[in-house]
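Atoms within each ligand, like the ligands themselves, are counted from 1 in listed order. What you are looking at is a predicted structure, and each value in this text was computed from that prediction instead of being measured. Reckoned from all heavy atoms, side chains included, excluding hydrogens, waters and symmetry mates.
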Amino acid sequence: VLFSVPTHCQKKNESEGVIFLEEYDTRAKELQNRAVIAGWNYQTNLTEENAKKQVELNLEVAKFAKEVATDAAEYDWENFSNATVKRLFGMITTLGTAALEDEEKLEELNNLLSEMEEIYSTGKACEYDNPETCLDLNPGLEDCMAESTDYDRLLFCWEGWRDAAGRRLGDLYSKFVDLSNEAVVADGWSDTGEYWRSWYETADFQQQLENIYQELQPLYQNLHAYVRRKLINTYGAEMVNAEGPIPAHLLGNMWAQTWGNIYNLVIPFPNKPSIDVTDEMVRQGYDALRMFNLSDQFFREMGQIPMPDSFWDRTMFVRPDDRDVVCHASAWDFYLDNDVRIKMCTKVNQEDLVTVHHEMGHIEYFLQYAHQPIPFREGANPGFHEAVGDLLALSVSTPAHLNKIGLLPELVDDPEVDINFLMQMALEKIAFLPFGYLIDQWRWRVFDGSITPDKYNEEWWKLRTQYQGIVPPVPRNPDKDFDAGSKYHVPANTPYIRYFVSFVIQFQFHEAMCNLSGFAGALHKCDASAGPMKETAGSKLAEMLRMGKSQPWPEAFEVLTGRRDMSASAILQYFAPLIDWLEKQNENETLGWNNGWTPPYDCEGTGGFMCLDGSRCVRPADRCDGI
Ligand SMILES: CC(=O)N[C@@H](CC(=O)O)C(=O)NC[C@H](CC1(C(=O)N[C@@H](Cc2ccc(O)cc2)C(=O)O)CCCC1)C(=O)O
Ligand SMILES: [Zn+2]
């Protein structure tokens, strides 16, 4: 029998490749649409049935991705001449976690994700003296952290949430880590963290981040020292140490990630007219819809695309009272028919007004790049996607703009009001920087194996103290506590460094928009919509957003800013007046927190009880194991 000489597998050529991509795009759009619908249905109605359907669709997407990657390998795409066609082939042959061959393991991976999402979204903390009365994270526990100034009440909410969510997620999370790593290794990555960092297409990405963080650290230390002094005035010197880390539950937020809610405790010039608009919003009878309309109005004014009619019909504006939902705000791209939606349990306050702009920023990006092929319908890098809404909110948040839209009755041009305003902005933007930086420092090391499950919590708190200068108000139980799991993005597996990148580049975008709009004045006073050439600024922004991920992010960055690199210069310029003021305020303060101080701790006072051998205070939820 003659040998059947294998026909030399002639790789397919570029013009065939273009046809392949067109067919891919049509199929991918339709499948993505069905998968996003399943995700939306689950998150807006957390039932077992919807969880199953979402997992099914995710598996179908992974299967399709594998098929496409196999077919794409028949094309000689690395040698194609057209850069866009090559870029598209490179993207569709990158599988990430979809590379996991074993169907059962891929199903387990997806089941773990929906189970962690459900545990996080339904966690409750119940009163020590009345276990029937329980608080959800949103609104109950978040409001507690935002409004209470009672040390022990804050401690109940802080620890209750970690008992309810974090503690129940530790084992699931470590299983998830192993499966996620096994999957991406099949795609040629060393671990999940390396795959996530590849989206930035920046060789020295981690070094660039560290350099920027070092530039910003002095400003954070000054803010920390100033706030610590004010918290000593509120809680006393034995509860807050003048040279130590701050107890983590006193910063007005469940994760101490932004400190805007303690503005009233730290306000530099209390006798000046208020710049906080929450009361005025409530007084004027604002509701969620009006907040969304305000944001849509501003995007139009800045020359962006109005929200489509379907957005108003399909968005979830407030928490429904008849079913369990994921309250954590999010923006959704359905990839077909301009179907874009926000899901948010909106509260009427200034913080949520900023969040509405943040979410609508995602929607704008979805709309601007909707004409791109599917793989390009992403942010130029994930930080861009997070920056769009915050960028416009920087203009909206100025006292001048809030006055213009009737939310700030009194507008005075007074350097002390300026400092009050910059303090309010620093409590959001500067306080956030170490938090935004540390989450994925921890997670990248969990993924690369240098933090093992038995060290999850110990390493978490080492980073929280090292970067944020905070310390847990009660001793952590190394075997049971998993405090990283109490932060949405960890069980939801949403990468986080994108927010640190966003908080840096949004100020570079703001500086560019202000210059392009012809606004004359200091950066922190700039409302780009007040600039005589606001259309120029708006169209440059739109031009950048329309590019999506069609080119490496420096190309898009350059369109708006004229630069090709991230830089702390803009955020430092924005806060310059506050930096000088803080340095004067802190003349007699110790900057930093490395004296090893830990908060005193009255076990019984916090509803716990000591074990018989006096070993440690335990919650009613725990038992004195075997003692
Ligand atoms: C389908 C889907 O998931 N879509 C993605 C978007 C996409 O990928 O297309 C999405 O909507 N993700 C949700 C997430 C929600 C928020 C968040 O989690 N913020 C961070 C960090 C932060 C903190 C302060 C701040 O001012 C800005 C950001 C936190 O709160 O820790 C909640 C409040 C604001 C944004 C988001 O919008 O980024
Ligand atoms: Zn976002």
note = Angle subtended at the Zn ion (ligand 2) by Glu386 OE1 and His362 NE2, to the nearest 10 degrees, is 110°

note = protein heavy-atom neighbour closest to atom 37 (O) of ligand 1 works out as Glu359 OE2, 2.8 Å

message = With a 4.0 Å cut-off on N to O distance, would you call Asp481 and Arg162 a salt bridge?
response = no

request  = Report yes or no: is the cationic atom of Arg341 (NZ for Lys, CZ for Arg) closer than 6.0 Å to the six-membered ring centre of Phe334, at no more than 45° off its axis?
outcome  = yes

query = Taking the side chain from Asn41 and the backbone from Asn50, do they hold a donor-acceptor pair closer than 3.5 Å?
reply = no

remark   = Closest to atom 26 (O) of ligand 1 by heavy-atom distance, out of Phe435, Trp255, Phe503, Phe432, is Phe503

key: Nearest-neighbour protein heavy atom for atom 15 (C) of ligand 1, which is reported as residue plus atom name and distance   = Ala329 O, 3.0 Å

query = How close does the nearest protein non-hydrogen atom get to atom 9 (O) of ligand 1, and which residue and atom is it?
reply = Phe366 CZ, 3.5 Å

N/O donor-acceptor pair under 3.5 Å between Thr561 side chain and Phe509 backbone = no

inquiry  = So that I can tick it off, tell me whether Asp287 and Arg290 are bridged by a salt bridge, with the cut-off set at under 4.0 angstrom between side-chain N and carboxylate O.
reply    = no

task = Answer yes when Arg34 and Glu60 have at least one side-chain N-carboxylate O distance shorter than 4.0 Å, and no when they do not.
result = yes

ask   = For Asn253 and Trp255, does a side-chain donor sit closer than 3.5 Å to a side-chain acceptor?
value = no

ask   = Does Glu428 have a non-hydrogen atom less than 4.0 Å from ligand 1?
value = no

key: atom 32 (C) of ligand 1 [closest protein heavy-atom partner, distance rounded to 0.1 Å]   = His328 NE2, 3.7 Å

request  = Pull out every atom of ligand 1 sitting under 4.0 Å from any heavy atom of Lys487, numbered as shown with elements.
outcome  = 29 (C), 30 (O), 31 (O)

ask   = Out of curiosity, is Tyr488 lining ligand 1, as in a heavy atom under 4.0 Å away?
value = no

key: Heteroatom distance test (Glu386, ligand 1): nitrogen or oxygen, under 3.5 angstrom   = yes

request  = Using a cut-off of strictly less than 2.8 Å, determine whether His358 has an N/O/S atom near the Zn ion (ligand 2).
outcome  = yes

key: Of Tyr437, Phe500, Trp461, the residue whose pairing with Tyr467 passes ring-ring contact (aromatic ring centres under 6.0 Å, His included)   = Tyr437

ask   = Would you say Lys429 contacts ligand 1, with heavy atoms under 4.0 Å as the rule?
value = no

task = Can you pull out the closest protein heavy atom to atom 28 (C) of ligand 1? Residue, atom name and distance to 0.1 Å, please.
result = Tyr499 CD2, 3.7 Å

ask   = Please state which protein non-hydrogen atom is closest to atom 8 (O) of ligand 1 and give its distance, to 0.1 Å?
value = Arg498 NH1, 4.2 Å

query = So, are Lys347 and Asp143 salt-bridged, with charged N and O less than 4.0 Å apart?
reply = yes

ask   = Backbone or side chain, does any N or O of Ser330 fall under 3.5 Å from an N or O of ligand 1?
value = no

ask   = So which heavy atom in the protein is nearest atom 1 (C) of ligand 1, and how far is it from that ligand atom?
value = Ala331 O, 3.3 Å

request  = Considering only non-hydrogen protein atoms, determine which one is nearest to atom 33 (C) of ligand 1 and report residue, atom name and distance to 0.1 Å.
outcome  = Thr355 CG2, 3.8 Å

task = Within a distance under 4.0 Å of any heavy atom of Gln257, pick out the atoms of ligand 1 and give their elements.
result = 23 (C), 29 (C), 30 (O), 31 (O)

request  = Check whether any heavy atom of Tyr496 sits under 4.0 Å from an atom of ligand 1.
outcome  = yes

message = For Phe292 and Trp312, take the angle between the two ring planes, folded into 0 to 90°, and tell me which bin it lands in: parallel under 30, tilted 30 to 60, perpendicular over 60.
response = perpendicular

task = For residues Trp196 and Phe205, establish whether the separation of their ring centroids is below 6.0 Å.
result = no

query = Phe435 pairs by ring-ring contact (aromatic ring centres under 6.0 Å, His included) with which of Tyr496, Tyr499, Tyr220?
reply = Tyr496

